[in-house]
Amino acid sequence: QIQVEESGGGLVQTGGSLRLSCVTSGSFFRLHSMAWYRQTPGKQRELVASITFAGSTNYADSMKGRVTISRDNAKDMVNLQMNSLKPEDTAVYYCNAEIQHRSWESRRDDYWGQGTQVTVSS
């Protein structure tokens, strides 16, 4: 069974920092793109940042300059360093893993973690 687990969420003051981590475990051929999303009740889930297997990154415009996504392929892990946090950053942050199960299959499937709560107080 493939499992995606986030950690590192919590309560922080405005202007503070948090570092989120996500580890993917199980049997698969390769982890391709990994990404962080966030969602607030009543709002659509939105992309925060993503990173490819080779390390190419993409950030939401609202997050640029404040977050950095990185990965360690040997550990099947992705991190999200968040700085200068604002109350509007309060949300549940989800990790998404794009997995290729077999080397002879090109199909990739998305797997999601349960999410980790980030609360920024004013």
Side-chain angles (χ1 to χ4, degrees):
Q1 181 178 350
I2 295 175
Q3 188 172 5
V4 179
E5 295 183 270
E6 306 98 335
S7 62
L11 176 64
V12 66
Q13 296 181 42
T14 297
S17 299
L18 283 175
R19 185 175 179 84
L20 307 183
S21 295
C22 173
V23 177
T24 302
S25 61
S27 180
F28 51 85
F29 173 65
R30 180 170 294 171
L31 267 175
H32 288 276
S33 293
M34 300 187 74
W36 287 96
Y37 289 76
R38 67 182 183 184
Q39 187 170 27
T40 299
K43 296 182 179 180
Q44 186 176 355
R45 187 173 297 185
E46 63 176 347
L47 176 70
V48 175
S50 65
I51 184 168
T52 68
F53 179 79
S56 297
T57 58
N58 178 256
Y59 298 95
D61 289 337
S62 62
M63 294 281 96
K64 288 182 179 179
R66 299 194 295 123
V67 298
T68 301
I69 188 170
S70 61
R71 67 186 291 167
D72 185 336
N73 292 338
K75 298 179 179 179
D76 292 332
M77 179 174 66
V78 62
N79 299 309
L80 184 71
Q81 178 67 47
M82 302 190 293
N83 304 314
S84 301
L85 287 167
K86 308 172 182 179
E88 49 263 46
D89 293 321
T90 296
V92 177
Y93 285 71
Y94 296 91
C95 179
N96 174 265
E98 186 184 41
I99 291 176
Q100 181 179 349
H101 295 283
R102 310 292 183 186
S103 63
W104 58 89
E105 296 178 342
S106 62
R107 194 187 86 229
R108 303 174 185 183
D109 297 313
D110 288 330
Y111 291 83
W112 294 89
Q114 292 298 307
T116 184
Q117 177 71 48
V118 171
T119 302
V120 184
S121 63
S122 59

Answer with yes or no whether the hydrophobic clustering places Y93 together with Y111; edges join I, L, V, M, F, W, Y residues whose side-chain heavy atoms lie under 4.5 Å apart.
yes
Straight-line distance of I69 CD1 to N58 CG, nearest 0.5 Å
9.0 Å
Counting only heavy atoms not in E105, do more than 12 fall under 6.0 Å of its CD?
yes
M63 and V78: same hydrophobic cluster, using ILVMFWY side-chain contacts below 4.5 Å?
yes
Run the salt-bridge test on D61 and K64 with the 4.0 Å N-O cut-off and return the result as yes or no.
yes
Nearest 0.5 Å, what's the CG-OG distance between D76 and S25?
8.5 Å
The reported gap from CZ in R66 to CG in L85 (rounded to nearest 0.5 angstrom) is 6.5 Å
Side chains of residues 115-122: which donor-acceptor partners sit under 3.5 Å, not counting sequence neighbours?
{"from": "T116", "atom 1": "OG1", "to": "G9", "atom 2": "N", "distance (Å)": "3.2"}
{"from": "Q117", "atom 1": "NE2", "to": "A91", "atom 2": "O", "distance (Å)": "3.4"}
{"from": "Q117", "atom 1": "NE2", "to": "T119", "atom 2": "OG1", "distance (Å)": "3.4"}

No-hydrogen, no-angle side-chain donor-acceptor test under 3.5 Å, R108 and Q100
no
Let me check something: do L18 and V48 share a hydrophobic cluster, defined by ILVMFWY side-chain heavy atoms less than 4.5 Å apart, either directly or through other members?
yes
M34 side, atom CE; T52 side, atom OG1 - distance, nearest 0.5 Å:
12.0 Å
Quick check: do E98 and F53 have side-chain heavy atoms less than 4.5 Å from each other?
no
Taking every heavy atom of D89 against every heavy atom of S84, the minimum-distance pair comes out as OD2-O, 4.4 Å
Would you say W36 and Y59 are hydrophobically clustered, going by side-chain heavy atoms of ILVMFWY under 4.5 Å?
yes
If hydrophobic clusters are built from ILVMFWY residues whose side chains come within less than 4.5 Å, do I51 and M82 share one?
yes
Q44 atom CD, over 12 foreign heavy atoms within 6.0 Å
no
Exercise: do Q81 and N79 side chains pair donor with acceptor under 3.5 Å:
no
Do E6 and L20 have side chains that get closer than 4.5 Å, going by heavy atoms?
no
If I take atom OG1 from residue T90 and atom CZ from residue R38, how far apart are they, to the nearest 0.5 angstrom?
9.0 Å
Is the count of non-hydrogen atoms from other residues, nucleotides or ligands lying under 6.0 Å from E46 atom CD greater than 12?
yes
Parallel, tilted or perpendicular: which describes the rings of Y94 and W112, with under 30° parallel and over 60° perpendicular?
perpendicular
For I99 versus F28, what's the shortest heavy-atom pair and its separation?
CG2-CB, 3.4 Å
Supply the atom-to-atom distance H101 NE2 to F29 CZ, rounded to the nearest 0.5 angstrom.
13.0 Å
Among L80, V4, N96, side chain to side chain contact (heavy atoms under 4.5 Å, CB included) partner for C22
V4
Could you check if a side-chain atom of I2 sits within less than 4.5 angstrom of a side-chain atom of T24, using non-hydrogen atoms only?
yes
